[in-house]
**Q** 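One structure, pasted below without further comment.
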Amino acid sequence: MHQRNRRQFLADVGRGMLVAGVGTAVASDLGLARAFADDGNDRLTFGSLEPLVSLMQETPPDRLLPLLAGRIREGADLRTLVAAAGLANARTFGGQDYIGFHTLMALAPAWEMAQELPSDVRPLPVLKVLYRNTNRIQEHGGPNSEVLKHVDAVEESIPNGGEAVQAATRTGDFDKAEAVFARLAQGEAGEAFNHLQFSVQDETDVHRVVLAWRAWAMLDFAGEEHAHTLLRQSLRYCVRHERMMHERKHQPSPIRALLPKLLDEHRLLARDPGTKNGDDAWVDELARTICTSTREQAAQAAAAALAEGFSPEAVGEAMSLAANMLLLQDPGRPESYSNAEKPPGSVHGDSVGVHASDAANAWRNIARVSDPRNTVASLIVGAFHTAGQRQRVGDELGPLSEHRAQVTTDDPQALVRDLNAAIRDKDQGRSCAVVARYAEAGHKPRPIFDVLLRYSTTEDGALHAEKYYRTVSDEFARTRPAYRWRQLIGLARVAASEYGRRAPGFDEACRLLDVNLS
């Protein structure tokens, strides 16, 4: 099991420390937190975090924000709030509610966004998502409608954990799959995560893979003692999907037969990961192959590249660039699939490019923290997942020449002003062209990130703003200089698309903290 970048943090996460930033007094301020420790043997509880977790479930969002804003002013730790919100979400929804699991996936990205903001406005991305989280929990029924309960593990040992949990998941039987996974989760969290990937790799569904990655990332906040609770969400998502396939008589994805075939054909489990990074032309060619090929051809190309000794990072970079191409070639949402939240021509929310980019980022991150088998398997399945969508986009990679012609200055401050104006005009093409011109002039990226961070914080983003911002910032940092600015061009387009729909709870959070981010 590879070590995660923030693994050293976990040593400091004792049960007593987690609640110290807010304190058990938070729960009593509204008189809402109940003593759940003995409230039925099958109810999950979370030690010293329990009062705060219960508060997140029980409190109406309009009462929660004033309470938490006051505690933040007194020095409450945002990590603690994120940890409690994640556990409240997991216990309530168990990976079974669309808005619920999207909100879970936004929690860690919101905290990471907060670290890029000035100290006075730093809590805003977190409070925005906490409001969404508690609001959805209340709509779901709060503590009276919890999905996750205590589960008994099978007693017998499980020698082939990944195959066992995969077989149990494919039955569509929640009890069976949960019992098998509970046994596997008694060991190291990393090993349980690796076993879980066999089920995640069975189907190419953006939520299936992103939820798996974001549930794992939440361990940095809640601690590995809660690994089973967090990872069960991903398991249950997979089981629910299998059950739906059985009920609707859908055929499973071809990846189930293709993945083991490619692993065997290229002897990928018998060799160490390669170290070749490839030059710029190589990564661009592989990216275009993945973007334009069938799913099977893209998986074959990724497997062949890994067999030729190219590093997992290089193959993952090409996959990420292929996903970004889908966004930059997207003609926008058609009228037939539009609504008030996502109007015709929009590309924010669940668009082909945003979904592909978030999924590619999740596959890459899973590959980084997994064992060797899942490292290569995740990239092969990720390439399969990204490909096969060419018919949904246009032919020309943005920004288009007609939009480039509208940008006539190289001055960095003027370009930043132009970007703000283009976003507020909801002009996707000009927003892309401004960032492209800024990049070509050789300016530093931080001022552009600052603009896009602000809009990713203030706007609703149809459940995807925080997650996609984090995808872009992560991919920009890991992409070679020749292509990294494509990620920011894509984010600029999404910011212009989503502008004008303020995030619920955001203005109230600003008022409570006496700050202004707009």
**Q** Using a cut-off of 6.0 Å, state whether more than 12 heavy atoms not belonging to Glu440 lie near its atom CD.
**A**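 Buried by this count: over 12 neighbours within 6.0 Å.
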**Q** Checking Gln233 side chain against Leu230 main chain: does a donor-acceptor pair fall under 3.5 Å?
**A** yes
**Q** For His207, give me all partners under side chain to side chain donor-acceptor pair (under 3.5 Å), at least two apart in sequence or on another chain.
**A** His102
**Q** Taking Thr292's backbone N and O only, do any of them form a donor-acceptor pair with Arg390's side chain (distance below 3.5 Å, no angle check)?
**A** no
**Q** Taking the side chain from Gln428 and the backbone from Val494, do they hold a donor-acceptor pair closer than 3.5 Å?
**A** no
**Q** Applying the side-chain contact (heavy atoms from CB on, under 4.5 Å) test to Arg122, which of Leu513, Leu78, Val515 qualifies?
**A**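 With Arg122 as partner, Leu513, Leu78, Val515 yield a single side-chain contact (heavy atoms from CB on, under 4.5 Å), made by Leu78.
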**Q** Hey, could you give me the OG/CE distance between Ser357 and Met325, rounded to the nearest 0.5 Å?
**A**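 Atom-to-atom, Ser357:OG and Met325:CE are 11.5 Å apart.
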**Q** Within a 6.0 Å radius of atom OH on Tyr98, are there more than 12 heavy atoms belonging to other residues, nucleotides or ligands?
**A** yes
**Q** So Tyr455 and Tyr499, ring-ring contact (aromatic ring centres under 6.0 Å, His included) or not? Walk me through it.
**A** CA-CA 7 Å; Tyr455 293 114; Tyr499 181 74; 5.6 Å; yes
**Q** Would Glu475 and Ser320 count as a side-chain hydrogen bond (donor to acceptor under 3.5 Å, both in side chains) if you check the C-alpha gap in whole Å, the side-chain angles of each, and the deciding distance to 0.1 Å?
**A** CA-CA 7 Å; Glu475 295 300 330; Ser320 172; 3.0 Å; yes
**Q** Ignoring hydrogens and geometry, is there a side-chain-to-backbone donor-acceptor pair from Arg132 to Thr103 under 3.5 Å?
**A** no
**Q** Compare every heavy atom of Ser370 with every heavy atom of Gln197, then report the nearest pair and how far apart it is.
**A** CG-OG, 4.4 Å
**Q** Shortest non-hydrogen contact from Ile290 to Ala383?
**A** CG2-O, 3.9 Å
**Q** Distance-only, no hydrogens or angles: does the Thr171 side chain make a donor-acceptor pair with backbone N or O of Ala168 under 3.5 Å?
**A** yes
**Q** Is it true that Tyr131 and Phe506 have ring centroids separated by less than 6.0 Å?
**A**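 No, they do not, as the ring centres are separated by 6.0 Å or more.
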**Q** Does the side chain of Asn374 come under 3.5 Å of the side chain of Gln201 through a donor N or O and an acceptor N or O?
**A** yes
**Q** Quick check: are there more than 12 heavy atoms from other residues, nucleotides or ligands sitting under 6.0 Å from CD of Gln413?
**A** no
**Q** Check this for me: does any side-chain nitrogen of one of Asp450 and Arg446 sit under 4.0 Å from a carboxylate oxygen of the other?
**A** yes
**Q** Quick check: does any side chain N or O of Glu459 sit under 3.5 Å from a backbone N or O of Ala465, one acting as donor and the other as acceptor?
**A** no
**Q** Which pair of non-hydrogen atoms, one from Asp350 and one from His464, has the smallest distance, and what is that distance?
**A**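 Where Asp350 meets His464 most closely, the heavy atoms are N-CE1, 3.9 Å.
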**Q** For atom CD of Glu402, is the number of surrounding heavy atoms from other residues, nucleotides or ligands below 6.0 Å larger than 12?
**A** yes
